[in-house]
Chemist: 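What follows is a single structure, and I will ask about it in a moment.
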There are 2 protein chains.
Amino acid sequence: MTALQMASNHPAPALNARRAWMATQNGPETLRTAGSVVQVAEGREIFAEGEDADVFFKVVSGVVRVCKFHSDGRRQIEAFHVAGDVFGFELSSERTLSAEAVSDCALISYRRRGIETLAQKDESITRQLFQYAMQNLAHAQSHALLLGRRGAGEKMASFLLSQAERSADGRTVHLAMTRQDIADYLGLTIETVSRSLSLLERRGIIVLTNIREVLLKKVDALEDMAA
Amino acid sequence: MTALQMASNHPAPALNARRAWMATQNGPETLRTAGSVVQVAEGREIFAEGEDADVFFKVVSGVVRVCKFHSDGRRQIEAFHVAGDVFGFELSSERTLSAEAVSDCALISYRRRGIETLAQKDESITRQLFQYAMQNLAHAQSHALLLGRRGAGEKMASFLLSQAERSADGRTVHLAMTRQDIADYLGLTIETVSRSLSLLERRGIIVLTNIREVLLKKVDALEDMAA
DNA sequence: CGCTTAATTGATCAGGGTCAATCGTGGTGG
DNA sequence: CCACCACGATTGACCCTGATCAATTAAGCG
């Protein structure tokens, strides 16, 4: 079984034959039939550093982390991708990063070669790909800026605000990832992440309703911290 | 006088036309006549956050820093761009970052609208733009990974190695930028940058021939540190 | 109801920031 | 030509934030 097949303990819905119909309805029309759906269970690897980068992915549902593993055992997370995001673009033919499912995921995989030939016929595909590349670029830049910030508090505030943007009401944040994931994304330790959240709660800026549910009570205070 | 014109105390060499020609010879044929050459003196602003992002640039010669200024006075440098690099791509119509000349620069500026219409006629331009976007993406990702690293030594080692890649022999690094620039790029202070370099020299890993010239004596030692 | 894993909290330590002094270098003018 | 000046870089002393080590609590799951 390959990494991209459904884990046996997670029933594969009979959607594969339907070719990502739901997902592509939200995406560009021209990509509708180009990809195939793939289900990935929580914690499973989607691709690994060093592999051949012959496909890229679009997230239908769930959360994906793209990360780098260092020789000393540390891990850095470059991005969390959610529904609508495209990831796995590579300039080289070899992967420079790994990707794993933070939660159970539905993805569409696109063959690079296939898309390239399609793009030659249809200019709107090229345009779409460019958009996705630019979105990834914008994210990577803002992530670099986030990591360059000094205090742990600044980082947490920025992180919570960016997560809230993805939320419907802009105040309720659902954390699909563990504290360790957050730590590896922010360049902190799990303990510092925990302490930062506790401190924010003690100051009345957030409420931790669940362990994975954060309610932002004072968005402006967070914005001041992240400034 | 606009920020993009040559400072009066820096004589504009009579090379402008030829400079542009040489630059575009290395680049895509189709971009040859699309841009106009611009000279920027050391320290001058190329564009600023909030401005209209109607043009982007290709570096012909010199070094450019792309950076963000924070309300508290701190500065973060997102990238140093050298000859052949393209910078100033934006997803939105408004600049999210600023750009300044680290040294005297020759740039080619391209109008976004103009290029877009050109790209509709010539598919190879689109391809080129995509390549440049992906190069910027790859850089931003590796920069984020760099900033996520723990020790100051690791950061300096990574930085020196990445600078050496741009060098001819891969061992001699010419630092166009100040220590402050390096600090703002690595998320460190000027003192820590200085100390890291001194330590590397005391350990015989590098030699600081000039204040702005570094000779890498033990590349493998640096690679171990950066691992 | 235990068992396992994640998260929180506490105590201590170290790396890098901050403040301050010195050194070095390049440019200017007497 | 050299003395002086200004700015960047280096070096030192001290402090503070976040890492590390360790213990406790909480939460899912069989």
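Heavy-atom basis, side chains included; hydrogens, waters and symmetry copies ignored. All values derive from a computational prediction rather than experimental measurement. The chains referred to below are lettered A, B, ... by the order of the sequence lines, with proteins before strands, and numbering in each begins at 1.
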Chemist: Could you give the CZ-to-P distance, from R149(A) to dT17(D), as a whole number of Å?
Modeler: 17 Å
Chemist: For the pair made of CD in E154(A) and P in dC16(D), what is the distance, rounded to whole Å?
Modeler: 18 Å
Chemist: So does R112(A) pair up with D54(A), basic N to acidic O under 4.0 Å?
Modeler: no
Chemist: Contact class for T178(A) (heavy atom, under 4.0 Å): base, sugar-phosphate, or nothing?
Modeler: sugar-phosphate
Chemist: Would you mind reading off the distance between L197(A) atom CG and dA26(D) atom P, rounded to a whole angstrom?
Modeler: 17 Å
Chemist: For E49(A), is there an ion pair with K68(A) - N to carboxylate O distance below 4.0 angstrom?
Modeler: yes
Chemist: For residues V66(B) and I77(B), determine if any side-chain heavy atom of one lies less than 4.5 Å from a side-chain heavy atom of the other.
Modeler: no
Chemist: Can you tell me the distance, in whole Å, between the CE atom of M177(B) and the P atom of dG8(D)?
Modeler: 16 Å
Chemist: Which part of the nucleic acid does S194(A) contact within heavy-atom distance under 4.0 Å: base, sugar-phosphate only, or nothing?
Modeler: base
Chemist: One thing to verify: whether R149(B) and D72(A) come together as a salt bridge, which I'm taking to mean a side-chain N less than 4.0 angstrom from a carboxylate O.
Modeler: no
Chemist: Expressed as a whole number of angstroms, how long is the span from I211(B):CD1 to dT25(C):P?
Modeler: 7 Å
Chemist: Got a salt bridge between E100(A) and R65(A), using NZ or NE/NH1/NH2 to carboxylate O under 4.0 Å?
Modeler: yes
Chemist: Could you state the atom-to-atom distance from CZ of R202(A) to P of dG10(C) in whole Å?
Modeler: 8 Å
Chemist: Which nucleotides of nucleotides 18-23 of chain D have their base under 4.0 Å from a protein heavy atom (B), which only their sugar-phosphate (S), and which neither (-), written as one string 5' to 3'?
Modeler: SSBB--
Chemist: Any salt bridge linking R74(B) with E154(A)? Criterion: basic side-chain nitrogen under 4.0 Å from a carboxylate oxygen.
Modeler: yes
Chemist: Rounded to whole Å, how long is the line connecting atom CG of L208(A) with atom C1' of dT9(C)?
Modeler: 14 Å
Chemist: Please report the distance, rounded to the nearest Å, between CD1 in I190(A) and P in dT24(D).
Modeler: 18 Å
